[in-house]
Each structure stands twice: as C-alpha cells, then as structure tokens.
Amino acid sequence: MKINLAADSCSYYTPSGSTSVQQPELLNLKLFPNPASNKAIVNIPYTESEHLSIRVFNIEGQQVKEYAHVHPPTFTFNVEELKNGIYLLQISDTEKVVGNIKFGVVK
C-alpha cells in the first residue's frame, strides 16, 4: 500500500498490486481572507448542481459546522464562533465531495 500525504491534496492509497490511482477531480476553491477573523468568502466554480452542502472540520477531524442548500458561485459564512486554528472546508453535491480547502481562523 502507498499513501500520498501531499500538503495540497487529499490523501489516497494504492492497494497492493495496483499500479494506478483513481482520484476524483476536485474544484479549485478560493477562500478569502485566509486566515479569517470574522467572515470568510468561498469562491465555488461549480455549475453541475444548484444545491451544495458545506461541512467545516477542525484539525482533529471533528465536524464543527454544516451548511445545507448552498448556491454557487460564492458563499459567505461567519467564523466568529470558531476558535483560533486550522480548519478544513469540504463542499459536496448530492453524490460526492467536489472540493476541499484548508483555512485558518485568527482573532
């Protein structure tokens, strides 16, 4: 088994004996400001679905926020209730994860 832990991508593994890796195409998301202190804006270049969901995870992998029925191309959210730290924002349509982005919160 091989594990890719590249900083700018999701980890994936190759089962023993396999020579190729199938990794889904993810969106090139932009979040600003990064780090954020009160509000953050996510640019979502996705046209295949009118409704997306966003989940925010802390550094320990615990889900701390969830937003349903998000409409591209932008989404603004409040980070004031989040503690200082690093977070992962994950965007999904009804079938799959379409994008991930790391962001920081500083106050």
Side-chain angles (χ1 to χ4, degrees):
M1 174 179 358
K2 291 176 135 185
I3 298 177
N4 175 12
L5 298 175
D8 291 338
S9 68
C10 293
S11 299
Y12 58 89
Y13 72 95
T14 304
S16 297
S18 176
T19 59
S20 67
V21 173
Q22 296 294 328
Q23 184 175 14
E25 289 295 319
L26 298 178
L27 295 176
N28 184 18
L29 299 173
K30 304 262 190 262
L31 182 143
F32 52 93
N34 192 4
S37 59
N38 56 6
K39 290 189 186 259
I41 301 169
V42 183
N43 183 24
I44 308 169
Y46 191 69
T47 59
E48 295 180 30
S49 177
E50 291 184 14
H51 297 286
L52 299 172
S53 63
I54 293 180
R55 297 188 299 165
V56 178
F57 298 90
N58 64 18
I59 196 74
E60 286 103 27
Q62 299 165 325
Q63 182 176 315
V64 295
K65 297 291 283 178
E66 183 170 14
Y67 304 94
H69 304 292
V70 174
H71 300 276
T74 60
F75 176 68
T76 302
F77 66 103
N78 188 347
V79 299
E80 288 179 339
E81 63 267 5
L82 298 176
K83 297 177 183 176
N84 286 347
I86 303 295
Y87 294 86
L88 174 73
L89 182 138
Q90 181 181 75
I91 298 179
S92 303
D93 64 13
T94 57
E95 299 174 6
K96 64 189 176 301
V97 173
V98 297
N100 295 302
I101 190 165
K102 288 186 283 187
F103 70 99
V105 173
V106 294
K107 297 178 185 176

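For the numbers below, each heavy atom of this structure counts, side chains included, while hydrogens, waters and symmetry mates do not. If you're wondering where the values come from, they're calculated on a predicted model, not measured in any experiment.
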I'd like a table of donor-acceptor pairs (distance under 3.5 Å, sequence neighbours excluded) in which one partner is a side-chain atom from residues 31-44, with atom names and distances.
unit_1	atom_1	unit_2	atom_2	d
Asn34	OD1	Gly104	N	3.0
Asn34	ND2	Lys102	O	3.2

Please report, to 0.1 Å, the donor-acceptor pairs under 3.5 Å made by any side chain of residues 81-92, with sequence neighbours excluded.
unit_1	atom_1	unit_2	atom_2	d
Glu81	OE2	Lys65	NZ	2.9
Asn84	OD1	Lys107	N	3.0
Tyr87	OH	Lys83	N	3.2
Tyr87	OH	Lys83	O	2.8
Gln90	OE1	Arg55	NE	3.4
Gln90	OE1	Arg55	NH2	2.6

ask   = What is the ring orientation for Phe77 with Phe103, classed by angle as parallel under 30°, tilted 30 to 60°, or perpendicular over 60°?
value = perpendicular
request  = Answer yes if Phe75 and Tyr46 sit in the same cluster of Ile, Leu, Val, Met, Phe, Trp and Tyr residues linked by side chain heavy atoms under 4.5 Å apart, and no otherwise.
outcome  = yes
request  = With sequence neighbours left out, write down each residue that passes side-chain hydrogen bond (donor to acceptor under 3.5 Å, both in side chains) with Asn78, or none if nothing qualifies.
outcome  = none
query = Taking only residues two or more places apart in sequence, or in another chain, which ones meet Glu60 in a side-chain hydrogen bond (donor to acceptor under 3.5 Å, both in side chains)?
reply = Asn58
query = Mind checking what makes side-chain contact (heavy atoms from CB on, under 4.5 Å) contact with His51, not counting sequence neighbours?
reply = His69, His71
task = Please report the shortest heavy-atom distance between Pro45 and Leu29, naming the atom on each side.
result = CD-CD2, 4.1 Å
query = Same cluster for Phe57 and Val106 if Ile/Leu/Val/Met/Phe/Trp/Tyr side chains link at under 4.5 Å?
reply = no
key: Residues which pass side-chain hydrogen bond (donor to acceptor under 3.5 Å, both in side chains) with Glu66, listed by chain and number, not counting sequence neighbours   = Gln63
